[in-house]
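In what follows, chains carry the letters A, B, and so on, assigned in the order in which the sequence lines appear, proteins first and then strands, with residues in each chain numbered from 1.
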Protein chains: 2
Amino acid sequence: MSEVQPDEHKIFELLQALHKEIGPKFERCAGMTPTRFRLLQELYRISEISQISLQKLLEIDAAAVTRHLKGLEENGMIARRNNPADNRVTLVSLTGQGREHINAYRENKTEFISDLLNGFNEQERTVLAEMLTRLQYNINLL
Amino acid sequence: MSEVQPDEHKIFELLQALHKEIGPKFERCAGMTPTRFRLLQELYRISEISQISLQKLLEIDAAAVTRHLKGLEENGMIARRNNPADNRVTLVSLTGQGREHINAYRENKTEFISDLLNGFNEQERTVLAEMLTRLQYNINLL
DNA sequence: CCTAATTCGTTGACCCGTCAACTAATAATT
DNA sequence: AATTATTAGTTGACGGGTCAACGAATTAGG
């Protein structure tokens, strides 16, 4: 029942190692960090949204959102304005440049992921996705 | 050939999300960060080692090693001494307390991983390990 | 032998995430 | 209506990683 194969520890280490590789490589392909790319993608879909909602979508800390937006604003990727109906909330939207970036790099991201999964046939991809989902489920119980 | 299923993007996001969950949960079980635990485990096996070798084992930046060791030294987990045969190198070893920590928490780590993989039978674990290895291989080509 | 190159470790600056403390604005309660 | 609670966002400090610059020790070469 509670026999532990060496495989288990290896899986743990693979997950760690994998993550460390993915970030930098992704950035080289997508022109920005995974999180920032995801942020822009959400804005692309949604057009305008409050920071708090964005934060919940991205599932990162509010402080991180603030700082990402600061950076992206300086790069001209996003714009912020006050919500006239509620002066606590800041509404965020893509600029033309941000939109362009997504359009220009969406393909790269897809190719990146495609390369990552190179050699996986459809069935294997399905199995992998399912297994990762199970891991996520398990970890949420801890 | 280059058809991209939504699954692919989902796998990418699962990997990211998974990693974010694992760190903090692991720490709750093992009494320290995954990297630091790994560091102590290596010392446990090897008894005494130079920082540079440790760095290569852990595959993290030398600066990170320096800082982890600083922290672990303050916690009384490890000790450092100069290599009299080469004054550039610092030799690192576990203290009794560090050894105790590993002994006390090794079981917890194993159980953590076991819980993470709860519901995976042996064959599934093998498949998962193999798939993650393939991902790692793929990413190293990028 | 003395100078040049390499190696080891540290430090500082940065990125990305966390949490905790705080301000400002709105909502709720009394 | 005034006070209290809640909400949105920012900021500072911290942990963990990166890279780049540096000093000290050692090794290699002219």
Provide, to the nearest angstrom, the distance between the CG atom belonging to Leu57(B) and the P atom belonging to dC8(C).
-> 14 Å
Measure from NZ on Lys25(B) to C1' on dT18(C) and round the result to the nearest Å.
-> 15 Å
May I ask you to decide if the ring planes of Phe112(B) and Phe12(A) are parallel, tilted or perpendicular, using 30° and 60° as cut-offs?
-> perpendicular
Residues Glu48(B) and Arg81(B) bridged, charged N to O under 4.0 Å = yes
Short side-chain N/O contact from Thr35(A) to OP1 or OP2 of dG17(C), under 4.0 Å = yes
Between dC19(D) (C1') and Gln55(B) (CD): distance, integer Å | 13 Å
Whole-Å distance, Phe26(B) CZ to dG17(C) P, equals 22 Å
Partners of His68(A) by side chain to side chain donor-acceptor pair (under 3.5 Å), sequence neighbours excluded?
-> Arg36(A)
Please report, rounded to the nearest Å, how far the P atom of dC15(C) is from the NE2 atom of His19(A).
-> 18 Å
Thinking salt bridges, do Glu124(B) and Arg134(A) make one under a 4.0 Å N-O criterion?
-> yes
May I ask you to verify if any side-chain N or O of Asn87(B) is less than 4.0 angstrom from the OP1 or OP2 atom of dA24(D)?
-> no
Rounded distance (Å) that lies between atom P of dG16(D) and atom CE of Met32(B) = 10 Å
Short N-O contact, Glu74(B) and Lys70(B), less than 4.0 angstrom = yes
To the nearest Å, how far apart are Arg38(A) CZ and dC16(C) P?
-> 13 Å
Could you pull out the closest heavy-atom pair between Asp61(B) and Ala63(B), with the gap in Å?
-> OD2-N, 2.7 Å
Atom CD of Glu59(B) and atom P of dG17(D) are separated, to the nearest Å, by 13 Å
Give the B/S/- string for nucleotides 2-11 of chain D, one per nucleotide from 5' to 3', where a protein heavy atom under 4.0 Å of the base yields B, of only the sugar-phosphate yields S, and otherwise -.
-> -----BSSBB
